[in-house]
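To keep things clear, I will list the structure first and then write my remarks on it.
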Amino acid sequence: MNGSRARDAGQPLLLGVRHHGPGSAKAVRAALEASRPRVVLIEGPPEADPLVPLAAAEDMRPPVALLAHAVDEPGRSAFWPLAAFSPEWVALRWALEHGVPARFIDLPAAHTLAWERDEEDGGGEDMDGGGKDGEDGGMDAGAEQDALDEDVRVDPLGVLADTAGYDDAERWWEDVVEHRGAGKGDALAPFTALEEAMTALRETYGSGGHGRDLIREAHMRLRIRDAQREFEDGVAVVCGAWHVPALRRRTGVTADRALLKGLPKVKTDVTWVPWTHRRLSRAGGYGAGIDSPGWYAHLFAAPDRPVERWLTKVAGLLRAEDRTVSPGHVIEAVRLAETLAALRGRPLPGLGEATDAVRAVMCEGSDVPLALVHDRLVVGDVLGEVPHTVPAVPLQRDLERTQRRLRLRPEAAERELDLDLREETGAERSRLLHRLRLLGIDWGRPAAARSGTGTFRETWRLRWEPELAVRSAEAGVWGTTVLAAATAKAEADAVAARGLADITALAEHCLLAALPDALPVVMRVLADRAALDTDVAHLAQALPALVRSLRYGDVRGTGTAALAEVAAGLAERVFVGLPPACAGLDADAAEEMRGHVDAVHGALSLLGDVPAAPDGRLRARWRAVLRTLSARDTVPGVLRGRAVRLLLDEGELAQDEAARLMGLALSPGTPPADAAAWIEGFVGGSGGGLLLVHDERLFGLVDRWLTAVPTEAFTDVLPLLRRTFSAYESGVRRTLGELVRRGPGRRDRTDTAAAGAPGFGPGVDEARADAVLPVLRLLLGPDCDEGTRGERVEVRR
């Protein structure tokens with residue numbers, strides 16, 4: 001084909017593309033160089049025209065996206081992603097480099113955002129959005145704007161691939177565009193061929209079942225006419241190939257304006273935001289449905305020999321991960337990829353052949369390292385950048401300034417951040433991340449600290465997602481700075497909270513985020529709600545978060561006197577209401593209440609170590625409550641057993657007394673199900689297995705009871721017992737099994753040592769005791785030699 005149709009005098013140069021297609025991007029660049037238009041029109045929201053010059057800024061680096069959001073409702077938004085290999089981005093940069101005006105001609109975002117979001121996303125990959133499997137993304141605001149197949153389910157690429165005998169539309173596109181040297185020879189020939197194919201499809205499928213296409217195309221035709229009047233025949237249009245036949249069709253201005261009449265409209269702001277390759281690869285949400293953005297970027301950037309360069313890049317990644325990959329592996333992988341392409345009848349190896357070659361040659365048939373290649377290279381963690389001069393709400397500006405000051409650079413790849421809260425920088429970073437979480441901007445998520453559970457350290461997992469830009473704009477309604485917005489949001493959340501536990505969690509968050517102005521409001525609401533709430537379960541749920549909050553006073557320098565007073569009041573109400581609340585519960589309710597009892601116990605253990613907390617009377621009151629629970633027959637067995645265990649752990653109950661209570665609970669007159677529940681409460685959870693291992697009397701009681709359970713009842717209690725004992729560590733279960741095998745009354749120290757159990761021996765090992773003396777000398781100083789003999793005696797003890 002010679003491309004004559006696209007060059008008819010007086011007609012605009014219509015360059016139909018596949019969004020995010022590197023072949024289309026190269027072809028667009030070649031066509032613009034050959035035709036040298038006087039104006040470039042691009043499919044996109046016209047409100048972004050004032051932002052076009054920013055695309056030429058030195059600190060603008062794709063992937064980026066145009067973000068449009070409703071001024072009065074920032075959460076209502078749409079993105080138009082652009083990667084380095086997007087034809088629209090190439091056209092935009094070409095126009096800026098050559099001093100040619102560039103304008104967006106799609107339907108204004110003001111109308112797009114006013115439309116209600118489609119209940120069903122479009123399906124298939126189209127030549128307009130580059131989407132796939134139900135999303136179209138591209139330059140069409142995610143899945144909202146250009147789902148071609150709402151009713152007919154037409155997939156242009158799929159239809160063309162099927163017509164050509166391909167079962168994979170992606171592979172067909174690679175063969176006919178990416179591997180055919182798009183733009184070589186006649187620069188307009190690829191667009192002419194694609195236009196003819198799309199014309200045939202539009203004649204068969206019409207608008208593809210989506211009426212919005214007709215409205216968008218009417219608006220594009222009007223903007224093209226305006227440009228033709230201004231620039232005559234020097235107009236080039238870059239748009240989805242699906243739209244080209246409709247834009248070529250001659251229609252009246254009146255008819256086009258009639259389609260646009262009465263459209264809903266909202267006030268809209270538009271800006272540039274960073275985007276990521278990983279987000280481009282997602283079909284849902286604001287993704288574009290591009291399976292392999294990293295591969296596409298490589299195809300677009302590689303000057304020659306793309307497969308050889310790609311496999312070299314893969315080898316470098318695997319070598320960096322300590323895998324043995326040599327230049328010979330690369331050579332063999334290239335040969336295998338070329339052989340596979342020849343066997344499959346392809347002009348050049350594609351990503352499929354390269355992946356198969358990597359699996360066979362560099363990964364030795366394993367998919368584990370191949371998953372790393374897919375994640376790091378095929379998709380990639382590239383994060384774009386935008387200039388600091390782009391329009392943004394004040395809160396976004398404050399966030400950017402704070403990020404730069406604290407040296408917290410947003411990154412697309414997930415990384416772990418350890419913070420020492422005793423350092424000012426660590427404390428400030430922690431406060432920022434907690435404030436952002438309160439605003440719904442989950443840039444960081446708390447993780448378990450590797451160094452333990454102390455309050456002086458925090459560990460976060462950070463990953464910047466593009467949609468966080470929407471969250472930032474949305475949070476701007478609460479204030480102009482992160483601190484002011486978080487404060488206002490906390491106060492509003494406190495008033496709107498329904499549950500007591502929600503308010504105590506909010507109080508904890510206010511301390512973590514250092515919001516002193518919001519804390520009084522939260523505490524006032526907490527006190528009011530606590531006074532009215534009579535549900536013991538609610539009070540028990542609220543207490544732990546409140547006590548945890550008290551621990552932050554030391555490290556964060558926050559006053560906690562008001563918290564301590566409210567916590568003491570909640571605890572007193574729990575003490576009064578818990579015993580009657582535990583009577584007559586069924587199995588499920590008893591299990592839930594056991595969780596509340598454990599939570600209150602842990603909270604009061606912490607409360608005793610907090611300077612701002614009341615004196616030890618609360619702990620004494622709590623022990624009295626536990627004694628009451630352990631002795632009442634109306635309390636379910638799981639709660640009675642748990643109360644005995646907690647008293648034993650606290651040292652408030654002698655082992656003989658605990659054995660007596662267990663003996664009563666496991667007596668022949670107790671139904672097996674109740675006895676099993678008592679055992680679950682007593683030995684379930686942390687440390688229960690070790691208790692049986694080291695206390696022969698308790699172990700014997702459980703053993704004798706279990707062997708005496710009748711056969712018909714054993715089947716009923718087995719699931720409960722299995723749940724209890726399966727929670728123990730494998731070493732504890734193995735030791736218990738060994739003790740059962742030996743039988744009762746045969747585990748004195750000598751027998752245990754003879755069996756080889758770890759931690760026991762027939763006597764003192766003097767060599768091991770002496771080994772610690774050099775360390776003691778270093779700790780105590782050189783004057784400690786006189787007491788060496790005494791030290792040895794103490795160590796042996």
(message) With salt bridge (charged side-chain N to carboxylate O under 4.0 Å, His left out) as the criterion, how do Arg471 and Asp442 come out once you've worked through the C-alpha distance, each side chain's angles and the decisive distance to 0.1 Å?
(response) CA-CA 9 Å; Arg471 302 288 181 268; Asp442 292 332; over 6 Å; no
(request) Verify side chain to side chain contact (heavy atoms under 4.5 Å, CB included) between Leu66 and Phe104, making sure each step is shown before the conclusion. (result) CA-CA 11 Å; Leu66 288 167; Phe104 292 106; 4.0 Å; yes
(request) Show your working on side-chain hydrogen bond (donor to acceptor under 3.5 Å, both in side chains) between Glu308 and Trp310 and close with a plain yes or no. (result) CA-CA 5 Å; Glu308 289 86 341; Trp310 176 259; over 6 Å; no
(request) Report the C-alpha distance between Trp275 and Phe79 in whole Å, list the side-chain angles of each, state the deciding distance to 0.1 Å, and finish with yes or no for ring pair (Phe, Tyr, Trp, His ring centres under 6.0 Å). (result) CA-CA 10 Å; Trp275 206 251; Phe79 288 96; 4.7 Å; yes
(message) With salt bridge (charged side-chain N to carboxylate O under 4.0 Å, His left out) as the criterion, how do Arg463 and Glu411 come out once you've worked through the C-alpha distance, each side chain's angles and the decisive distance to 0.1 Å?
(response) CA-CA 6 Å; Arg463 171 179 282 178; Glu411 297 177 5; over 6 Å; no
(request) Could you walk me through whether Met198 and Leu160 pass side chain to side chain contact (heavy atoms under 4.5 Å, CB included), step by step? (result) CA-CA 9 Å; Met198 289 298 154; Leu160 295 175; 3.9 Å; yes
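Arg305 CZ: 12 or fewer foreign heavy atoms inside a 6.0 Å radius. Heavy atoms from other residues, nucleotides or ligands lying under 6.0 Å from CD of Glu364 number 12 at most. Within 6.0 Å of CZ in Arg36 there are more than 12 heavy atoms belonging to other residues, nucleotides or ligands. Remark: Arg344 CZ is packed, more than 12 non-hydrogen atoms of other residues, nucleotides or ligands lying under 6.0 Å away.
Using a cutoff of 4.0 Å between basic side-chain nitrogens and carboxylate oxygens, Glu217 and Arg202 are scored as salt-bridged. Using a 4.0 Å cut-off between charged nitrogen and carboxylate oxygen, Arg346 and Glu353 count as a salt-bridge pair. Classification of Glu332 and Arg335 as a salt-bridged pair holds, one side-chain N sitting under 4.0 Å from a carboxylate O. With respect to the salt-bridge test (charged N to carboxylate O, under 4.0 angstrom), the residues Asp381 and Arg278 qualify. Ion pair Arg216/Asp106 flagged as a salt bridge, since at least one NZ, NE, NH1 or NH2 atom sits closer than 4.0 Å to an Asp/Glu carboxylate oxygen.
No side-chain heavy atom of Val379 sits under 4.5 Å from any side-chain heavy atom of Trp295. Counting heavy atoms from C-beta outward, Thr276 and Val382 have side chains that stay 4.5 Å or more apart. Contact of the Ser77 side chain with the Leu67 side chain is registered, since non-hydrogen atoms from C-beta on lie closer than 4.5 Å. Between Leu336 and Asp356, the closest side-chain pair of non-hydrogen atoms is not below 4.5 Å. The shortest distance between side-chain heavy atoms of Thr355 and Val373 does not fall below 4.5 Å. Within the 4.5 Å cutoff, the side chain of Lys313 has heavy atoms near those of the His298 side chain. Proximity of Phe191 to Glu196: side-chain heavy atoms (C-beta onward) are nowhere separated by under 4.5 Å. Between Val17 and Val28, the closest side-chain pair of non-hydrogen atoms falls below 4.5 Å.
With sequence neighbours left out, Trp464 forms a side chain to side chain donor-acceptor pair (under 3.5 Å) with no residue at all.
Partner of Ser292 under the side-chain contact (heavy atoms from CB on, under 4.5 Å) criterion, out of Leu377, Leu280, Val378: Val378 alone.
Checked by atom type, the side-chain pair Trp94/Glu33 shows a donor-acceptor distance below 3.5 Å.
Interatomic distance, His243 NE2 to Arg248 CZ, rounded to the nearest 0.5 Å: 15.0 Å.
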